[in-house]
Amino acid sequence: MSNIVIIGTQWGDEGKGKIVDLLAEYADIVVRFQGGNNAGHTMVVNGEKFISHLIPSGILQQKMCLIGNGMVVDPDVLIEEINYLREKGIYIGAGNLRISERANVIMPYHKAIDIARELRIGDKKIGTTGRGIGPCYEDKVARRGIRFSELSDPDEFAEKVRAISDEKNFYLKQYLGAEPVNADLLIEQYLSFAERLMPHVCNVSVVLDNAMKAGKQVLFEGAQGTHLDIDHGTYPYVTSSNTVSGNACCGSGVGPKDIHGVMGIVKAYTTRVGAGPFPAELFDEIGDKIQKKGAEFGATTGRKRRCGWLDMVMLKNSVRLNGLTSLAITKLDVLGELDEIRICTAYEYQGKRIDVFPTSLKVLAQCKPIYETLPGWSQDISELKTYEALPQNVRNYLIRIEELSQTPIHIVSVGPGRDETIVLNNPF
Ligand code: GDP
Ligand code: IMO
Ligand code: MG
């Protein structure tokens with residue numbers, strides 16, 4: 001029996017959804033443990049594209065999908081997503097989608113505050129997804145959040161929302177100059193969401209414990225990426241949750257002894273949506289080419305993603321922070337038809353070479369990438385099904401990533417489709 005965590009190693013959008021969907025075939029349960037609908041996970045099966053923001057990417061394989069206590073959930077978006085997937089023929093019921101009673105609920109004032117704050121700070125904005133993620137986590141930590149379990153008591157819920165709305169409206173109107181929320185309307189709307197979602201609400205930790213005792217295998221699906229982690233990422237240009245593997249336990253209610261492997265998803269180059277320093281960023285025609293060929297637009301907000309070379313300072317940071325036991329390299333096909341491929345192996349800062357990811361953003365912003373250059377390949381590799389069939393220059397790139405990261409590559413992805421994948425070693 002094994003339970004595996006899947007983690008993004010960069011700044012999100014590494015292709016986690018695709019790999020989770022692929023590996024879900026071997027799991028009984030897929031659980032998300034942090035984040036909310038700031039995530040956008042894409043799966044392509046038989047040419048059909050699916051994007052999930054909240055529901056774990058195991059749903060297409062019809063596995064038991066769990067929304068862990070570490071998540072922040074917008075019930076409106078969740079209902080919309082259930083409807084969207086059902087319209088696409090995916091069965092979703094209380095038996096295969098469960099929501100932790102401890103997960104925090106994203107309220108309309110969270111979204112309003114997120115958007116108004118970003119507008120107010122202008123140039124210094126984080127570039128959030130505007131989904132209310134940060135303000136919801138703030139309330140959780142401030143012990144005034146609303147959890148799913150509280151939706152089962154309408155009177156208590158209404159009383160709490162009225163009190164909180166007073167405070168939020170003061171802040172929205174007086175400080176942010178934004179529209180206040182209507183507490184009565186909000187209460188009515190959320191109680192109708194509750195009616196729809198309560199059959200899914202349960203103690204996810206107990207579900208996982210029972211399943212693991214019965215020998216079931218669990219896949220923990222990370223969202224965002226290691227460098228968006230609230231503690232370990234490029235603070236303050238980060239999201240508001242811990243995205244690293246350690247939070248798989250905390251955010252779902254299992255102990256560390258139940259985790260047997262951590263696979264890091266690595267895009268063959270680097271992308272970032274939103275603001276913040278990015279040492280290996282490309283501002284030339286190669287960056288444009290990668291952006292276009294890789295169709296690098298955010299799955300949640302549609303924003304153009306910034307592109308750059310693979311950064312080993314970041315990847316080594318991820319190996320350490322997550323205890324990665326294997327890597328999956330995605331979007332390798334996108335690097336085809338380039339004369340040369342570069343890998344950033346260290347940074348130069350004030351004339352000195354550094355290879356540990358700096359904490360200070362001021363330092364990071366001044367870091368210049370030190371590159372190693374490898375020959376590219378001209379062949380389209382998206383049809384290839386085995387490692388042996390890959391051109392030697394592709395294999396050299398992969399071997400170098402393994403050497404520099406000291407972590408074995410277990411999966412190579414050469415296209416968005418579930419079947420456009422070379423599995424060298426199945427983690428289950
Ligand atoms: P996630 O947030 O980590 O799940 O990643 P996203 O879904 O936001 O972004 C990854 C994008 O790359 C999606 O459009 C995927 O369909 C696509 N993708 C995933 N793997 C590959 C690959 O190996 N090659 C290509 N060309 N596209 C891929
Ligand atoms: P997936 O799971 C890429 C980024 C936002 C912004 C910062 C804070 O699809 O990889 P937030 O709304 O979370 O407060 O925004 O984090 N961000 C992501 N970038 N992929 C994601 O998720 C992201 N989720 C948040 O762009 O820079
Ligand atoms: Mg994404």
Side-chain angles (χ1 to χ4, degrees), residues 6-22 32 34-45 47-54 56-57 71-72 74 106 110-111 113-115 117-118 125-138 221-230 233-241 243 264-276 278 290 292-306 328-336 380-382 384 411-422:
I6 302 275
I7 287 293
T9 59
Q10 293 150 319
W11 278 300
D13 304 327
E14 297 89 351
K16 297 174 292 293
K18 163 174 171 164
I19 303 298
V20 170
D21 166 69
L22 175 88
R32 261 194 65 188
Q34 47 71 229
N37 61 311
N38 46 350
H41 296 179
T42 314
M43 300 150 272
V44 178
V45 183
E48 192 178 358
K49 184 167 159 176
F50 303 79
I51 298 179
S52 75
H53 301 286
L54 286 168
S57 304
M71 284 188 75
V72 288
D74 185 330
I106 295 184
H110 292 138
K111 279 182 279 188
I113 290 171
D114 193 2
I115 294 164
R117 261 192 204 153
E118 287 273 281
K125 68 178 184 193
I126 307 286
T128 72
T129 58
R131 303 304 196 255
I133 307 296
C136 186
Y137 276 117
E138 284 170 33
E221 176 179 2
Q224 289 82 53
T226 300
H227 294 83
L228 287 171
D229 183 279
I230 185 73
T234 45
Y235 190 89
Y237 297 99
V238 291
T239 191
S240 299
S241 63
T243 60
I265 313 300
V266 186
K267 199 181 276 191
Y269 47 94
T270 311
T271 62
R272 171 163 214 178
V273 244
F278 178 173
I290 292 174
K292 287 202 180 76
K293 194 164 172 194
E296 293 296 351
F297 290 98
T300 296
T301 57
R303 289 177 291 176
K304 211 176 195 181
R305 295 177 183 145
R306 301 154 65 190
I329 308 295
T330 61
K331 305 195 86 160
L332 197 55
D333 53 305
V334 175
L335 293 184
D380 171 20
I381 61 167
S382 57
L384 304 179
I411 293 180
V412 177
S413 173
V414 293
R418 190 190 274 167
D419 55 351
E420 291 170 311
T421 322
I422 300 169

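Start at 1 and go down the list; that is how both ligands and their atoms are numbered.
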**Student:** Report yes if Gly40 has an N/O atom closer than 3.5 Å to an N/O atom of ligand 2; otherwise report no.
**Tutor:** yes
**Student:** Would you say Gln10's side chain and Lys267's backbone share a donor-acceptor pair under 3.5 angstrom?
**Tutor:** yes
**Student:** Could you check whether Glu221 and Ser57, counting side-chain N and O atoms only, form a donor-acceptor pair closer than 3.5 Å?
**Tutor:** yes
**Student:** Against ligand 1, does Arg305 come closer than 4.0 Å with any heavy atom?
**Tutor:** yes
**Student:** Below a 4.0 angstrom heavy-atom separation, can you tell me which part of Lys16, side chain or backbone, both or neither, approaches ligand 1?
**Tutor:** both
**Student:** State whether the shortest distance between N or O atoms of Gly15 and N or O atoms of ligand 1 falls below 3.5 angstrom.
**Tutor:** yes
**Student:** Hey, which N, O or S atom on Asp13 ends up closest to the Mg ion (ligand 3)?
**Tutor:** OD1
**Student:** Please report which non-hydrogen protein atom sits nearest to atom 6 (C) of ligand 2, along with the residue it belongs to and the distance in Å to one decimal place.
**Tutor:** Gly127 O, 3.1 Å
**Student:** Looking only at protein heavy atoms, identify the closest one to atom 12 (O) of ligand 2 and say how far it is in Å.
**Tutor:** Thr129 OG1, 2.6 Å
**Student:** Should Thr128 be counted as touching ligand 2, given the test is an N or O pair under 3.5 Å?
**Tutor:** no
**Student:** Give the single entry among Leu228, Ile133, Thr234, Ile51 that approaches atom 4 (C) of ligand 2 most closely by any heavy atom.
**Tutor:** Leu228
**Student:** Which of these, His53, Lys18, His41, has its nearest heavy atom closest to atom 19 (C) of ligand 1?
**Tutor:** Lys18
**Student:** Decide whether an N or O pair under 3.5 Å exists between Asn38 and ligand 2.
**Tutor:** yes
**Student:** Do Ser52 and Arg32 have side-chain N/O donor and acceptor atoms under 3.5 Å apart?
**Tutor:** no
**Student:** Residue-level breakdown please: for Arg272 versus ligand 2, do any non-hydrogen atoms fall below 4.0 Å on the side chain, on the backbone, on both, or on neither?
**Tutor:** neither
**Student:** Indicate whether the side chain of Gln34 and that of Ser241 have a donor and an acceptor atom separated by less than 3.5 Å.
**Tutor:** yes
**Student:** Should the proximity of Tyr237 to ligand 2, defined as any heavy atom under 4.0 Å, be assigned to the side chain, the backbone, both, or neither?
**Tutor:** neither
**Student:** Does Asp74 come within less than 4.0 Å of Arg131, counting only side-chain N to carboxylate O?
**Tutor:** no
**Student:** Compute the shortest N/O to N/O distance between Val334 and ligand 1 and return yes if it is under 3.5 Å, no if not.
**Tutor:** no
**Student:** So between Asn37, Asp114, Asp13, whose heavy atom ends up nearest atom 3 (C) of ligand 2?
**Tutor:** Asp13
**Student:** Hey, looking at atom 17 (C) of ligand 1, which of Arg418, Glu420, Lys267, Lys331 has the closest heavy atom?
**Tutor:** Lys331
**Student:** Evaluate Ser413 for polar contact with ligand 1, using N/O atom pairs at a separation under 3.5 Å.
**Tutor:** yes
**Student:** For Ser240, is the nearest heavy atom under 4.0 Å from an atom of ligand 2?
**Tutor:** no
**Student:** I need the contact type for Asp333 against ligand 1. Using non-hydrogen atoms and a strict under-4.0 Å cut-off, is it side chain, backbone, both or neither?
**Tutor:** side chain
**Student:** Which bit of Arg131 is near ligand 2, meaning a heavy atom under 4.0 Å away: side chain, backbone, both or neither?
**Tutor:** neither
**Student:** Look at Lys16 and state whether any of its N, O or S atoms is less than 2.8 Å from the Mg ion (ligand 3).
**Tutor:** no
**Student:** Should Lys16 be counted as touching ligand 2, given the test is an N or O pair under 3.5 Å?
**Tutor:** yes
**Student:** Purely on distance, is any nitrogen or oxygen of Gly17 under 3.5 Å from one on ligand 1?
**Tutor:** yes
